[in-house]
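A quick write-up on the structure given underneath.
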Amino acid sequence: MQKQKKGVLFVFSGPSGVGKGTLNAKLFAEFGDQMAFSVSATTRAPREGEVDGKHYFFIEKQDFENRIANNDFLEYAQFAGNFYGTPKSYVMSLLEQGKNVLLEIEVQGAMQVMERMPECVSIFVLPPSFEELEKRLRGRGTETEEKILARLETARGELAYAERYRYQIVNGGDLEAAYQELRSVYLKETQQV
Ligand code: 5GP
């Protein structure tokens, strides 16, 4: 009997508001039968409309720490005061079943996955340029110079991480063009072209 082909693990990051959720939703709409989204655990409170077990597994900090101790996470990180982690056994079993699994995680966690599973396909979604970002930030004209500089520093840090991803996709306003790029990465990495 032929062995089931293993799925491909995709790691997806990008600053908020860059459109990565929309891009992923489009990918899922087209290839949903071959794919699965991982459901993370988090200690943050659910937002309105979020469903436990669907958007996240909402758990207590103590429970999260126990799971860290049990080595239950493929990666975990702290973000804005809360913990977020990817359940390892769930992701591994989906990959074994041949599903292509998509992780939408922040950069610290993504670095851990790249180190542990170097075969993963990492994708970073970017705004068109640093200058463009600076222009947008300054264009608002509502923030102090100090705040603008702090934001630019954060953005610079993110862009430095972006280079460590296998692919960078620029979402410069033309969503369809960015999606076509993502789509060809997906097809290539899942060997469908
Ligand atoms: P939010 O609280 O807005 O849902 O997510 C905050 C950030 O945490 C986002 O960048 C999101 O992609 C990231 N995130 C969600 N789940 C995980 C996870 O399991 N691990 C890591 N490292 N980041 C995650």
Side-chain angles (χ1 to χ4, degrees), residues 7-28 35-95 99-127 133 150-151 153-171 175 178-179 182 185-186:
V8 177
L9 181 62
F10 289 88
V11 178
F12 223 89
S13 304
S16 64
V18 81
K20 65 180 185 298
T22 315
L23 287 171
N24 285 340
K26 276 173 88 69
L27 194 67
F28 201 79
M35 288 173 60
F37 274 103
S38 163
V39 181
S40 296
T42 184
T43 58
R44 88 150 160 73
R47 293 187 191 124
E48 204 174 316
E50 284 184 335
V51 178
D52 187 43
K54 184 179 173 208
H55 298 95
Y56 284 105
F57 292 104
F58 296 99
I59 65 175
E60 298 296 323
K61 189 158 179 247
Q62 184 59 55
D63 192 4
F64 200 98
E65 282 167 355
N66 292 340
R67 293 190 199 200
I68 295 173
N70 283 339
N71 199 21
D72 284 351
F73 292 121
L74 176 59
E75 60 73 33
Y76 69 91
Q78 225 175 336
F79 183 90
N82 294 299
F83 283 102
Y84 295 83
T86 304
K88 186 160 58 182
S89 59
Y90 179 63
V91 167
M92 294 308 176
S93 88
L94 286 168
L95 291 171
K99 291 279 185 197
N100 301 316
V101 180
L102 211 147
L103 306 182
E104 208 180 299
I105 60 179
E106 52 69 61
V107 291
Q108 303 295 332
M111 295 303 120
Q112 297 169 41
V113 179
M114 287 182 212
E115 203 170 301
R116 283 176 202 163
M117 301 182 72
E119 72 280 15
C120 77
V121 178
S122 53
I123 303 169
F124 198 98
V125 184
L126 291 158
L133 198 70
R151 275 175 184 265
E153 262 318 291
T154 309
R156 205 181 287 280
E158 283 173 349
L159 292 182
Y161 276 108
E163 285 168 15
R164 294 165 66 174
Y165 287 63
R166 196 181 298 179
Y167 296 97
Q168 292 84 26
I169 293 179
V170 178
N171 192 6
L175 181 69
Y179 178 64
L182 173 61
V185 167
Y186 178 82

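Throughout, numbering of the chain's residues begins at 1 and tracks the sequence. Order of appearance sets the numbers: ligands from 1, and atoms from 1 within every ligand.
Under the 30°/60° scheme for interplanar angles, the aromatic rings of F64 and Y76 are found to stand perpendicular.
From the protein, the heavy atom lying nearest to atom 3 (O) of ligand 1 is R47 NH2, 3.0 Å. Among all protein heavy atoms, the one lying closest to atom 5 (O) of ligand 1 is Y56 OH, 3.4 Å. Protein heavy atom in closest approach to atom 20 (N) of ligand 1: E75 OE2, 2.7 Å. Taking atom 11 (C) of ligand 1 as the reference point, the nearest protein heavy-atom neighbour is E104 O, 4.0 Å. For atom 2 (O) of ligand 1, the closest non-hydrogen atom on the protein side is Y84 OH, 2.5 Å.
For atom 9 (C) of ligand 1, the nearest protein heavy atom is 4.0 Å or more away.
Contacts of E106 with ligand 1, taken as heavy-atom pairs under 4.0 Å, involve both backbone and side chain. Under 4.0 Å from ligand 1, the heavy atoms of F79 that appear belong solely to its side chain.
An N or O contact shorter than 3.5 Å is missing between Y76 and ligand 1 by distance. Residue contacts with ligand 1: G85 is placed with a nitrogen or oxygen under 3.5 Å of a nitrogen or oxygen of the ligand (distance criterion only). In terms of polar-atom proximity, S40 is counted as a contact of ligand 1, with an N or O under 3.5 Å from an N or O of the ligand. Remark: ligand 1 and K20 share no N or O pair separated by less than 3.5 Å (distance only, no angle test).
Although no hydrogens or angles enter the test, the distance criterion places no donor-acceptor pair under 3.5 Å between the side chain of E60 and the main chain of Q62. Not a single donor-acceptor pair under 3.5 Å links the side chain of T42 to the backbone N or O of Y84. Between the side chain of Q168 and the backbone N or O of L126 there is no donor-acceptor pair closer than 3.5 Å. Between the side chain of K20 and the backbone N or O of V125 there is no donor-acceptor pair closer than 3.5 Å. A distance-only check finds a donor-acceptor pair linking the side chain of R116 to the backbone of L74 [under 3.5 Å].
Interface atoms of ligand 1 facing A77, defined by a heavy-atom separation under 4.0 Å, are 22 (N). Atoms of ligand 1 found under 4.0 Å from any heavy atom of R44 (numbered from 1 in listed order, with element): 1 (P), 2 (O), 4 (O). Ligand 1 places these atoms under 4.0 Å from at least one heavy atom of G109: 22 (N).
Here the shortest heavy-atom pairing between S122 and M114 reads CB-CE, 3.5 Å.
Residue contacts with ligand 1 leave out Q108, since none of its heavy atoms falls under 4.0 Å from the ligand. Not a single heavy atom of H55 sits under 4.0 Å from any atom of ligand 1.
Among V8, N100, L102, the single residue meeting the side chain to side chain contact (heavy atoms under 4.5 Å, CB included) criterion with V121 is V8.
Geometric assessment of K26 against the ring of Y179 yields a positive cation-pi assignment under the 6.0 Å and 45° thresholds.
Looking at S13 and Y165, their side chains do bring a donor and an acceptor atom within 3.5 Å of each other.
No side-chain heavy atom of F73 sits less than 4.5 Å from a side-chain heavy atom of K88.
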